[in-house]
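Inspection log for the structure reproduced underneath, given as structure tokens.
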Amino acid sequence: MRATAALLEHPGQPFVLTEVDLDEPRPDEVLVRVAGVGICGTDLEFAGFFPTPALLGHEGSGVVERVGAHVTSVRAGDHVAMSFTSCGACALCRTGSPAYCRDFDAVNFSGRRPDGSTAVTHEGREVNAHFLGQSSFAGHVVAPERAVVKIDPSLDLLRAGPFGCGFQTGAGGVLNVLQPRPGSSIAVFGAGAVGVAAIIAASLSGCEVVAAVDVNPAKLEAARGFGATHTVDSSAGAVAEQLAALVPGGFDFVIDTTGREGVLRTAVEALGPLGRAGVIGIGPSESMSFEWRSILNGRTVTGIIAGSSLPQLFLPKLLELNAKGRFPVEKMITYFPFEQINEAVAAVRSGSVGKAVLTF
């Protein structure tokens, strides 16, 4: 079948709206009509180097239209959010940790199915797709069953897409990994969509001090509305001193969403004894370094992928919290028609929107 898609013809260039051809779903795949898709920083990062022609997008939501013969978890007509995929066979997948699948990179970032094929072609050319299990910058998606999560049809379908990556990543980093006790202190570096999800989760956990750290005053002001008790404008410098003044003995927890070496170093050095740092961000820095004494006294640094979540269990819980008004991420969402994908990307890059969602 044919589908409208935003194709990346060359790394770093604007997306081009065009028509692509999709295979019929295989026995373990589903065909989803996309209703909305969020734009994530990971899309923008990979757009700079992913092999082209490419079809990106990984925060999709929609309605199942067809299922393969072996699919049992969803059927035609079901509303779904889409998330990352995993092999389903390795020890980590089979024990409930698919975010750390031993074949995670191969099945999510190769642009191909595990057998090397692609479900997407354009004018006879094979397209590198299957990005994080979906490649949802398109009106229809062929995705593996493991990448789709059935959701309650009463929920806002357009809003559900970003829960598959950004919101589950930030919230899961707090709720699934760090698990702060009531009265704890946490600093969240980066007050974008992922950071705000972490801030909301920290507030839900009963943290007494929730400090948002960012260079953007508007994002810091917004962070207070999501549960930040304090804000630190890192563009003003002296970040370490500002954090030490908030929690003189050092923070119990920190989360970095920026992927920047200097930021992560500051975050780790802001920890108190037995403090834990969660590293979430994919950013420009290729390496990280610390003064060795900064991780003594029991401090730990933990890498976190997709909030360490099992999406089929975690996403419905987050969506239920959202429906009850306890995870109010809709306040940061700005909707754009799919045809305005490049304008939406520009808005995300400039920081003028918290989370851009494309609608079909």
How close do [X] and [Y] get, heavy atom to heavy atom, and via which atoms?
X    : Y    : result
S86  : C93  : CB-SG, 3.5 Å
F314 : S309 : CD2-CB, 3.6 Å
G62  : L157 : O-CD1, 3.7 Å
A129 : V120 : CB-CG2, 3.7 Å

Should the heavy atoms of other residues, nucleotides or ligands under 6.0 Å from [atom1] of [X] be counted, would the total exceed 12?
X    : atom1 : value
R125 : CZ    : yes
K331 : NZ    : yes
R260 : CZ    : no
R2   : CZ    : yes
E291 : CD    : yes

Side chains of [X] and [Y]: does their closest heavy-atom pair fall under 4.5 Å?
X    : Y    : answer
F84  : T169 : no
D252 : P180 : no
L8   : F137 : no
E29  : D23  : no
H230 : Q242 : no
S308 : Y100 : yes
V232 : L246 : yes
K317 : F327 : no

Using 0.5 Å steps for rounding, measure from the [atom1] atom of [X] to the [atom2] atom of [Y].
X    : Y    : atom1 : atom2 : result
I304 : I280 : CD1   : CD1   : 4.5 Å
N108 : H130 : CG    : NE2   : 12.0 Å
L155 : E320 : CG    : CD    : 9.0 Å
T258 : L264 : OG1   : CG    : 7.5 Å
R224 : I199 : CZ    : CD1   : 10.5 Å
D21  : T121 : CG    : OG1   : 4.5 Å

Donor-acceptor contact below 3.5 Å, side chain [X] vs main chain [Y]:
X    : Y    : answer
T118 : V127 : yes
E269 : F290 : no
N342 : F15  : yes

For this session: Please determine if R33 and E65 form a salt bridge, counting it only when a charged side-chain N lies under 4.0 Å from a carboxylate O.
Result: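 Looking at E65 together with R33, the answer is yes, because their closest N to O distance falls below 4.0 Å.
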
Problem set entry | Note: R265-E261 ion pair, threshold 4.0 Å (strictly below) |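 No, R265 and E261 are not salt-bridged.
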
For this session: Report the relative orientation of the aromatic rings in F46 and F109; use parallel for angles under 30°, tilted for 30 to 60°, perpendicular for over 60°.
Result: parallel

For this session: Compute whether any side-chain donor of one residue and acceptor of the other, for S83 and Q168, lie under 3.5 angstrom apart.
Result: yes

Problem set entry | Donor + acceptor pair across side chains of T229, E208 (<3.5 Å) | no

